[in-house]
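Data block below; observations after.
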Amino acid sequence: MGRRLKFLQKLAFLGQYHRYQVLEKDEVETLIEEQNELKAIEKEKTVTALPPREACKCSKEDLARAFHVDLDSGLSEFAVTQRRLVHGWNEFVADNAEPVWKKYLDQFRNPLILLLLGSAAVSVLTNEYEDAVSIALAVLIVVTVGFIQEYRSEKSLEELTKLVPPECNCLRDGKLRHILARDLVPGDIVSLSIGDRIPADIRLTEVTDLLVDESSFTGEAEPCGKTDSPLTGGTDLSTLSNVVFMGTLVQCGKGQGVVIGTGERSQFGEVFKMMQAEETPKTPLQKSMDKLGKQLTVFSFGIIGLLMLLGWVQGKPLLSMFTIGVSLAVAAIPEGLPIVVMVTLVLGVLRMAKKRVIVKKLPIVETLGCCNVICSDKTGTLTANEMTVTQLVTSDGFHAEVSGVGYNDQGTVCLLPSREVIKGFNNISVGKLVEAGCVANNAVIRKSTVMGQPTEGALIALAMKMDLSGIKDSYVRKKEIPFSSEQKWMAVRCSSKCEDQEDIYFMKGAFEEVIHHCTMYNNGGIPLPLTPQHKSYCLQEEKKMGSLGLRVLALASGPELGKLTFLGLVGIIDPPRAGVREAVEALSASGVSVKMVTGDALETALAIGRTIGLCDEKLRAMSGVEVEGTEQSALAARVRQVSVFFRTSPKHKVKIIKALQASGAIVAMTGDGVNDAVALKSADIGIAMGQTGTDVSKEAANMILVDDDFSTVMSAVEEGKGIFYNIKNFVRFQLSTLPSPGMTVMSPLARLPNALFYSGCISKSLLLLPSLGVEPVDKDTLRHPPRSVRDTILNRALVLKVLMSAAVIIGGTLFIFWREIPEDGASTPRTTTMTFTCFVFFDLFNALSCRSQTKPIFEIGFFRNRMFLFSVLGSILGQLAVIYVPPLQKVFQTESLQALDLLLLTGLASSVFILSELLKLCEKFFSQTRSTQRLPEAV
């Protein structure tokens, strides 16, 4: 650009020099032209993207002046070049991301991972190379899996760039050209036609029956009618009828307009920038694991310090005591925990996949166990995203109710209050009403899919339920007056194939417009004069249906447009999905609050909210405008009491989620559109729809419901709670078996033989016992309230249970050792075998009691966890092989035991299981007693 300016400045100087030097005529004209271009450069610097809320109020002339463009010829190539220098390309460019190697190394910043790496380093220094390798391998697996999951989550920004169509039709230098959409600049004139995806934010200047599908932006299923007239009313983005937004789709008609925003200055650009700025929060499990790592670190250093203090008191070398303390601390670190957590999460993900739920990030499965608020988009999530007629009111007072959902013939039309099922023309008034809706229609239903507008598809489905879908074929269409946003109705002129009659018009549209063309009303097939009183009655019925959140269409027919017969009204709505109400009730009963966040109007949102049990007659709704005007602190205090948020934009959704998180909630967000993408990413759990969801929403989310079934969220919540309990069970088992390596290290200090060393070896294999991590989810889990994020894995109750089990295990093992050791204190093969076997049996019974923290074994069942049974059986067989197989006897210095010996060891080892089960029964009894005592107070 600098070279161009210098060149033009030189030409301008020559333009002044012509006073003193005679120039040729063509040279003078060139200089003048170049001077004008120089002035244009300064103008181009002042051209900026115009926000939609301002552009919608501008007239065509004001718009042309603001962008220095001729609406008939468009921009010149020179103007385009200069504007691109200022505004850049019409595309999304992600910030320079961190290199892959740095992202991978960031995974090692986890406290538990750092602790394990430290223990591996100490193992190398103490020549425990096998331990070092096993720990390093565990860390490598966990870190790699975490990196892959995080790397995949960044695809959402790439998917968002696909919304910009590759090509478009643009008017430049007076010619309509087919160009790349990335070449557009503010002020370009773009031509739109059916099937086009909008390439930028555009203020419309010419419109012909233009309908735009904005569901990916606003969340509303119904296409929006567009106009080219300036607006003077509200400035809500979802109501700007003369502006179309990047990424939306032209469904019908054609239009032309001025580009007012490109790239990151468009509304989807705002979403893109928000996606870049938003960071996915840490899951509660990740926070709990971080805290556990810090607790174990403190515990390890405490052991080292205590042993050095004891050695100093006994007068022993501090270096020797430090070595023993470090070895004991390393032995106390549960290196198998990260692997077991990962295996548990993976198995949970596989179980969710069988229920048609795809989980993209492993820790998210457990997070659902903490979730206490679910914010859900309405269209396509809580509702079927299939417009359906639910009510009919004929002009002579018949009311009918329509059942069935979707674009098919499943359902009936019943008169009220008699519940008589109507087919064909059994009721003339209802039949005529349905006939008009079927004939004045351009939609076609094929295999339960509507080809055309969803509203017209609902009318065809209504005719199918009454066996009137073929009525359209009995007419020959001669003329169509298409729908427009100004007239708000459409009509067709037809002639009957069967009878020699004059042509007849069929009209459908907004009640206030259709009624203007009517002079009669239908009374059982007989036209009667339409009186003011009858108009007032029909108006009341229309308002009553509208208050229920229904989209109301009026229908009429007759020989002339000004002399039509009013037939009645139909109420259409996008109905709730099957099972949604039951899912909402079950989630509410378990302590999970469900909130609807939608771009729809208040009446529609409340109607669906009441139907699925989100809200009662008491109004608990909040608009997007209210959300935007409320301070974050005040919103956080209020947002928990609101059930329905309506007329919301992507910014509003994110603000709502942030307010809920600030109030202490763990928030899940379900959605399917681009307008939901930022909220899906900012929520603790983002859940996208698999069938109706956009690629952007799927990439931004952590979970995908394959069948778009909201009720499967219940299964996911149940699975999340079960996974945390399984992890907690394993931690209890692992920590309660740590006395074994402790005794191994302490045996030289206490002058004990090396017999206990073998106990440490066998416990190392049991520490990695994976079967506790796959315990089936308890059937009562869903009834439990969501887990508090403040709850840690290693809480006081768990520590007490660990200490109790550890005391019983170490006490029983030492008892057997001192019972079997000869008087001379020399260890024998029998001493080794009895001590070795005793500890193994203790661990097996301890693992059995660790299958549940609260329920006794007879409640959860002995045979539910088959993997656990196989693991225990394998351990028993392995132990018997060590005792009775001669080659193994030599390796482990064991000898055969008698049946009475095994019976003694089994009875003693079962004490840890019996004590644990008695403790569970006591806790259950006291819990029920407290609940019974509180019940009269609650009543």
**Q.** Under 3.5 Å donor-acceptor, Tyr884 side chain and Gln889 backbone
**A.** no
message: For Arg830, is there any backbone N or O sitting under 3.5 Å from a side-chain donor or acceptor partner on Glu820?
response: no
| side chain to side chain contact (heavy atoms under 4.5 Å, CB included) between Phe868 and Leu848: does it pass, once the steps are laid out? | CA-CA 9 Å; Phe868 178 83; Leu848 184 63; 3.7 Å; yes
Next on the checklist: Please check this pair: side chain of Thr813 against backbone of Ile810, looking for a donor-acceptor N/O pair closer than 3.5 Å.
Outcome noted: no
Shortest non-hydrogen pair, Met669 vs Ala683, comes out as CB-CB, 3.7 Å
Across all chains, not counting sequence neighbours, the salt bridge (charged side-chain N to carboxylate O under 4.0 Å, His left out) partners of Arg581 are Glu585
Okay, side chain of Thr894, backbone of Thr833: is any donor-acceptor separation there less than 3.5 Å? no
Heavy-atom nearest pair, Val592 first then Val373, reads CG1-N, 4.3 Å
Can a donor-acceptor pair be found, under 3.5 Å and without considering hydrogens, that links the side chain of Ser910 to the backbone of Gly907?
yes
Interatomic distance, CG@Leu915 vs CZ@Phe845, rounded to 0.5 Å, equals 14.0 Å
Of all heavy-atom pairs linking Ala636 and Ala662, the shortest is CB-CB, 4.1 Å
**Asked** Looking at side-chain heavy atoms only, is the closest gap between Phe842 and Leu908 below 4.5 Å?
**Response** yes
Just so I know, are the side chains of Arg640 and Leu660 near enough to count as touching, which here means a heavy-atom distance under 4.5 Å? yes
Value for CD (Glu859) from OG (Ser852), rounded to nearest 0.5 Å, stands at 8.5 Å
Is there a side-chain contact between Leu844 and Gln879 in this structure, where contact means two heavy atoms from C-beta onward sitting under 4.5 Å apart? no
Sorted by chain and residue number, the side-chain hydrogen bond (donor to acceptor under 3.5 Å, both in side chains) partners of Ser849 (sequence neighbours excluded) come out as none
Taken to the nearest 0.5 Å, the spacing of Thr835 OG1 from Trp818 CH2 works out to 11.0 Å
Closest non-hydrogen atoms of Ala668 and Ile687, given as atom of the first, atom of the second and distance, are CB-CD1, 4.3 Å
Smallest heavy-atom separation, Pro829 atom then Glu895 atom, equals CB-OE1, 3.9 Å
Interatomic distance, CG@Leu587 vs OG@Ser376, rounded to 0.5 Å, equals 10.5 Å
- Query: Between Leu904 and Leu900, is any pair of side-chain heavy atoms under 4.5 Å apart?
  - Reply: no
Here the gap from Ser916 atom OG to Arg851 atom CZ, rounded to the nearest 0.5 Å, amounts to 12.5 Å
Residues Ile857 and Phe913: closest non-hydrogen pair is CG2-CZ, 3.6 Å
One should read off an interatomic distance between Met703 CE and Ile358 CD1, to the nearest 0.5 angstrom, of 10.0 Å
Item to complete: Flag the pair Phe710 / Ile612 as yes when at least one side-chain heavy-atom distance between them is below 4.5 Å, and no otherwise.
Response: no
Point to revise | Student check: side-chain heavy atoms of Ile816 and Phe839 closer than 4.5 Å | key: no
From the list Ile821, Thr828, Leu905, Ile883, side-chain contact (heavy atoms from CB on, under 4.5 Å) partner of Met834 resolves to Leu905
Are any of the side-chain heavy atoms of Cys371 and Asp684 separated by less than 4.5 Å? no
The residue among Val799, Val912, Leu919 that forms side-chain contact (heavy atoms from CB on, under 4.5 Å) with Met804 is Leu919
Quick note, salt bridge (charged side-chain N to carboxylate O under 4.0 Å, His left out) partners involving residues 807-816, not counting sequence neighbours, are none
